[in-house]
Student: 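Just dropping this structure here.
Per chain, numbering begins at 1; letters A, B, ... match sequence-line order.
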2 protein chains.
Amino acid sequence: MQDILFGFISKYVSLTDDEKNAILSLDIFRSVKKGTILLKEGQKTKDSYFVLKGCIRTYYDLDSEEKTTGFFTEMEALTPPCVINKTPSEYYISCIEDTILIISNSDMEAEVNSKFPKFETLCRILSEQLLAKQRIDFDEFKTSSPEQRYLNLIQKRPDLIQRVPQHQLASFLGIKPQSLSRLRARLVEKNKG
Amino acid sequence: MQDILFGFISKYVSLTDDEKNAILSLDIFRSVKKGTILLKEGQKTKDSYFVLKGCIRTYYDLDSEEKTTGFFTEMEALTPPCVINKTPSEYYISCIEDTILIISNSDMEAEVNSKFPKFETLCRILSEQLLAKQRIDFDEFKTSSPEQRYLNLIQKRPDLIQRVPQHQLASFLGIKPQSLSRLRARLVEKNKG
DNA sequence: TTCATTTCTTAACTTAAGTGAACGAGTTGT
DNA sequence: ACAACTCGTTCACTTAAGTTAAGAAATGAA
């Protein structure tokens with residue numbers, strides 16, 4: 001489990017044994033069961049999540065309807081905006097599979113950052129990369145139709161199609177479950193004709 | 001002009017005079033005319049932009065149609081994904097007004113970051129905040145209709161409605177210019193009846 | 001100014017997403 | 001085993017966005 005973490009980090013910065021031990025001593029690995037809600041709307045938290053295995057999702061409760069906006073799987077990190085803005089959370093985070101997480105809180109990060117500049121470099125690089133990736137995702141979303149988004153998702157994250165319920169995928173694609181159902185039927189029809 | 005920059009920075013970290021001078025010595029302020037194209041599709045660059053005054057926009061050329069995905073105005077920063085990924089740019093950046101920019105390149109930033117850890121902290125904080133803000137923007141986009149997005153834009157960035165051409169606003173909202181025109185007419189009609 | 005181009009709007013028609021309801025399959029809890 | 005619930009699909013209908021085309025208004029250049 002540690003190997004997974006340090007393998008990931010080594011792609012960005014190289015850590016000494018001291019630095020690795022400092023991280024391990026923080027006791028940050030957590031196993032959580034499918035269905036666990038990590039964060040609720042209205043709650044405050046300082047916790048960030050890094051998925052080692054499994055899948056978590058973020059969703060809003062608008063007009064008592066669930067709107068899923070994000071899935072985070074192996075090697076993906078999520079720092080909820082409420083941690084940055086120090087406001088109550090606007091959304092829920094739940095585990096849609098049994099999941100192994102790293103949970104770190106912002107106080108802890110601040111301390112490690114000031115003790116180990118290398119760690120701050122890591123955080124900076126990861127934030128910059130995530131920002132770039134997310135900008136591209138957003139641009140693709142804006143410039144394409146629901147059908148194109150779905151086809152795009154099949155290409156880029158085929159695992160999600162398998163492991164995530166349809167109605168959650170639908171709002172992730174910005175449409176209603178019925179529309180996704182219909183859209184899929186339309187595509188099957190196309191591939192036949 | 002420098003006051004604007006240091007006033008902005010002082011919200012996040014406090015700089016010594018030495019640090020301020022180090023930044024000024026880099027000669028990073030640029031004035032560019034309306035219509036100037038800062039970056040073209042297919043080009044490589046290491047430059048990031050920070051808008052002191054004016055407005056720049058990012059747009060794709062898809063099927064020889066312009067798709068505008070972002071506007072950056074006073075006190076907003078843009079690091080194109082191509083700088084992070086070291087790939088050719090997928091989009092254009094142009095100035096839609098006479099604009100005063102700070103243009104920094106990633107080599108320069110790397111050098112300043114290693115000399116002044118405080119600067120790296122600043123970059124980390126800004127990236128984290130932008131990431132959080134962008135996540136919320138994306139979520140709002142996904143969970144709302146074109147009409148809601150337009151109303152939302154009127155609330156959050158009323159200046160854009162004034163300073164940006166309709167057809168650019170339309171693709172920013174994820175729709176065609178004709179649809180935005182119709183949508184606006186519909187809203188006027190609603191407010192009458 | 002005049003001419004050309006771009007931008008915005010309007011309209012008629014097509015296509016697809018939203019809505020509300022119903023149904024069967026699969027799951028959970030008792 | 002049964003009831004209650006969730007999930008995915010389908011259908012009929014409504015609403016709004018895409019498409020194509022045309023024309024008015026604004027902008028820019030010769």
Student: Over how many whole Å does the gap from B:L183 atom CG to C:dA11 atom C1' extend?
Tutor: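 Distance, rounded to whole Å: 17 Å.
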Student: Residues in side chain to side chain donor-acceptor pair (under 3.5 Å) with B:T16, at least two apart?
Tutor: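 For B:T16, the residues satisfying side chain to side chain donor-acceptor pair (under 3.5 Å) (neighbours in sequence not counted) are B:E19.
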Student: Distance check needed: C:dA16 P versus A:L173 CG, whole Å only.
Tutor: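 It works out to 16 Å between those atoms.
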Student: Please check if the number of heavy atoms outside A:K46 that lie under 6.0 Å from its NZ is greater than 12.
Tutor: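 Open: at most 12 neighbouring heavy atoms sit under 6.0 Å from NZ of A:K46.
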Student: Take the protein atom NZ of A:K176 and the nucleotide atom C1' of C:dA16, then report the distance between them rounded to whole Å.
Tutor: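 Atom-to-atom, A:K176 to C:dA16, this comes out as 15 Å.
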Student: Does B:R149 make a cation-pi contact with B:F141, if we ask for NZ or CZ under 6.0 Å from the ring centre and within 45° of the axis?
Tutor: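 B:R149 over B:F141 ring: yes.
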Student: Whether A:K115 engages the ring of A:F119 as a cation-pi pair (distance to the six-membered ring centre under 6.0 angstrom, angle to the ring normal within 45°) should be assessed.
Tutor: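 No.
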Student: Could you tell me how far apart B:Q148 (CD) and D:dA16 (C1') are, to the nearest whole angstrom?
Tutor: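 Atom-to-atom, B:Q148 to D:dA16, this comes out as 13 Å.
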Student: Tell me whether A:E147 is salt-bridged to A:K190, with the criterion being a basic N under 4.0 Å from an acidic carboxylate O.
Tutor: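 Counted as a salt bridge, because a side-chain N and a carboxylate O are separated by less than 4.0 Å.
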Student: Of the nucleotides D:dA17, D:dT10, C:dA17, which has the atom closest to the A:R182 side chain?
Tutor: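 Closest nucleotide to the A:R182 side chain: C:dA17.
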Student: Kindly state each residue pair satisfying salt bridge (charged side-chain N to carboxylate O under 4.0 Å, His left out) with at least one member in residues 91-103 of chain B, sequence neighbours excluded.
Tutor: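 Residue pairs passing salt bridge (charged side-chain N to carboxylate O under 4.0 Å, His left out), neighbours aside: B:E97-B:R163.
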Student: Which atoms form the tightest heavy-atom contact between A:S89 and A:K40, and what is the distance?
Tutor: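 Distance-wise, the nearest heavy atoms are CB-O, 3.8 Å.
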Student: What integer distance in Å separates A:D63:CG from C:dT19:P?
Tutor: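 From A:D63 CG to C:dT19 P: 10 Å.
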Student: Would you give a per-nucleotide map of nucleotides 4-9 of chain C, 5' to 3', where B means the base has a protein non-hydrogen atom under 4.0 Å away, S means only the sugar-phosphate does, and - means neither?
Tutor: ---SSB
Student: Could B:K67 and B:Y59 be counted as a cation-pi pair, given that NZ or CZ must be under 6.0 Å from the ring centre and within 45° of the axis?
Tutor: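 No - B:K67 does not lie over the ring of B:Y59 by the 6.0 Å and 45° rule.
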Student: Are OP1 or OP2 of D:dT15 and a side-chain N or O of B:R186 less than 4.0 angstrom apart?
Tutor: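 Negative; the distance criterion is not met.
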Student: Output the rounded distance in Å from CD1 (B:I175) to P (D:dT15).
Tutor: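 One finds 19 Å between P of D:dT15 and CD1 of B:I175, rounded.
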Student: Distances under 3.5 Å between protein N/O atoms and the N/O atoms of nucleotides 28-30 of chain D, please, pair by pair.
Tutor:
none

Student: Between the two ends of the helix from C:dT1-D:dA30 to C:dT30-D:dA1, what is the bend in degrees, rounded to 10 degrees, where each end axis spans five pairs?
Tutor: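 Rounded value for the end-axis angle: 50°.
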Student: Rounded to whole Å, please give me the gap between CG in B:L169 and P in D:dA17.
Tutor: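 Checked: the CG to P distance equals 15 Å.
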Student: Sequence neighbours left out, what pairs pass ring-ring contact (aromatic ring centres under 6.0 Å, His included) with at least one residue falling in residues 23-49 of chain B?
Tutor: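 For residues 23-49 of chain B, and leaving out neighbouring residues, there are no ring-ring contact (aromatic ring centres under 6.0 Å, His included) pairs at all.
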Student: Under the 6.0 Å and 45° cation-pi test, does A:K11 pair with A:F8?
Tutor: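 Judged by the rule (NZ or CZ under 6.0 Å from the ring centre, within 45° of its axis), A:K11 is not positioned above A:F8.
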Student: Would you check if B:T143 and A:T69 make a side-chain contact, meaning some heavy-atom pair closer than 4.5 Å?
Tutor: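 B:T143 reaches A:T69 side chain to side chain.
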